Amino acid sequence: MNALTWLNAEAFTVFGQKVIWSDMIGNLMGLAALALGWRRSIWTWPAQLLSGLILIAAYASAHLAGGVGKQLLVIGVAVWGWRAWQLGRQKAQDGSIAVRTATWKERGLLLAGAALGTLAVGGLFTLFPNLSWSPWADAYIFVGTIVAMVAQARGLVEFWFAWLLVDLVGVPLAFNNGLAFSGLVYVVYFALVLWGAYDWYQRSRTTPAPALEGATA
């Protein structure tokens, strides 16, 4: 049995749904990445990259080409985020990355990018049904994940709210597509996102900082 076959093999059953190894391991890595992001640790990016690599196998097994594409973009953004945080010279007092709230211009750009991106990706998935079983929901998660990671790379508190909006659609979509562990982890994400958003917001009020050097708009 090769590694890919093992990753797509059944690990156990929960609530009557099969859980495959790639779905479980990839999402646990994603959960670790989110926890590291809450701690403002630069290791959040390698964790997200590894999670993306493993989840490619999970989405491929579920024939969700859109999910595979999303994970490829996640990997690319993770590399960019790692570099952005490495180049960031503005640090918090504890040596970690300083965080701030976005300007109204940045919020507008993030919202516009999310809306236009969802329309474009959803339209593509609709034209090519083999790319996704749920074209608009998949497009929403696809684009929302990228928007959240871009905001995270810039140290913006709003990245947590982007994740929150992604979770609201990601939970039912994951269960409907047979990725039970993804659905359960999204529920945990929801709690961690609320906690992380509060923590980052409090820190942004006490240690405001400009945009990270090396991170473009």
Side-chain angles (χ1 to χ4, degrees), residues 3-4 7 22-60 64-92 95-100 102 106 109-110 112-114 116-118 120-121 124 131-132 138-167 170 182 185-186 189 192-193 196 200 209-217:
L4 185 59
L7 281 172
S22 56
D23 186 27
M24 180 177 69
I25 297 173
N27 277 289
L28 286 175
M29 286 299 304
L31 191 61
L34 199 62
L36 288 167
W38 165 54
R39 299 292 296 173
R40 290 159 294 119
S41 167
I42 198 168
W43 291 102
T44 184
W45 300 108
Q48 288 189 25
L49 189 150
L50 183 57
S51 172
L53 287 172
I54 296 172
L55 284 175
I56 285 175
Y59 283 109
L64 293 174
V68 172
K70 185 189 79 172
Q71 295 306 321
L72 290 173
L73 279 177
V74 164
I75 291 169
V77 176
V79 172
W80 174 74
W82 168 273
R83 178 170 174 77
W85 279 27
Q86 279 188 319
L87 293 175
R89 295 292 183 261
Q90 194 68 37
K91 303 285 187 180
S96 60
I97 294 296
V99 297
R100 63 184 178 89
E106 288 171 322
L109 289 172
L110 289 172
L116 293 174
T118 300
V121 175
L124 177 65
L131 292 178
S132 173
D138 209 9
Y140 174 90
I141 295 173
F142 184 109
V143 176
T145 298
I146 303 306
V147 169
M149 291 182 67
V150 168
Q152 181 185 3
R154 293 185 60 78
L156 302 179
V157 174
E158 284 75 5
F159 117 78
W160 293 102
F161 298 101
W163 268 123
L164 183 64
L165 293 173
V166 167
D167 283 356
S182 289
V185 169
Y186 270 124
Y189 277 175
L192 187 57
V193 163
W200 273 38
L212 298 177
E213 293 180 19
T216 56

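Basis for what follows: all heavy atoms, side chains included, without hydrogens, waters or symmetry-related copies. A quick note: this is a predicted structure, and the numbers were derived from the prediction, not measured.
Taking CG from L165 and CD1 from I141, the interatomic distance works out to 11.5 Å, rounded to the nearest 0.5 Å. Atom CG of L50 sits about 9.5 Å away from atom CG of L55, to the nearest 0.5 Å. Distance check: L164 CG to L192 CG gives 11.5 Å after rounding to the nearest 0.5 Å. A distance of 12.0 Å separates CD in Q152 from CZ in R40, rounded to the nearest 0.5 Å. To the nearest 0.5 angstrom, I25 atom CD1 is 13.0 Å from L53 atom CG. Residue N27 holds its CG atom at 11.5 Å from CG of L34, rounded to the nearest 0.5 Å.
Nearest heavy atom pair, residue M149 against residue A78, reads CE-N, 3.7 Å. Scanning all heavy atoms of the two residues, the minimum distance from A33 to A47 falls at CB-CB, 3.7 Å. Taking every heavy atom of both residues into account, A153 and A84 meet most closely at O-CB, 4.0 Å. Considering every non-hydrogen atom in both F142 and I146, the closest pair reads O-CG1, 3.3 Å.
The ring-ring contact (aromatic ring centres under 6.0 Å, His included) search around W45 returns W85, not counting sequence neighbours.
For the side-chain contact (heavy atoms from CB on, under 4.5 Å) test with L36, the passing option among I42, T44, L31 is T44; the others fail. The only member of W38, W160, W163 that meets ring-ring contact (aromatic ring centres under 6.0 Å, His included) when paired with W200 is W160.
Between E106 and R154 the shortest side-chain heavy-atom distance falls below 4.5 Å. A heavy-atom distance below 4.5 Å is not found between the side chains of R83 and V79. The side-chain heavy atoms of L156 and L110, taken from C-beta on, include a pair separated by under 4.5 Å.
Side-chain atoms of S51 come within 3.5 Å of backbone N or O of G26 as a donor-acceptor pair.
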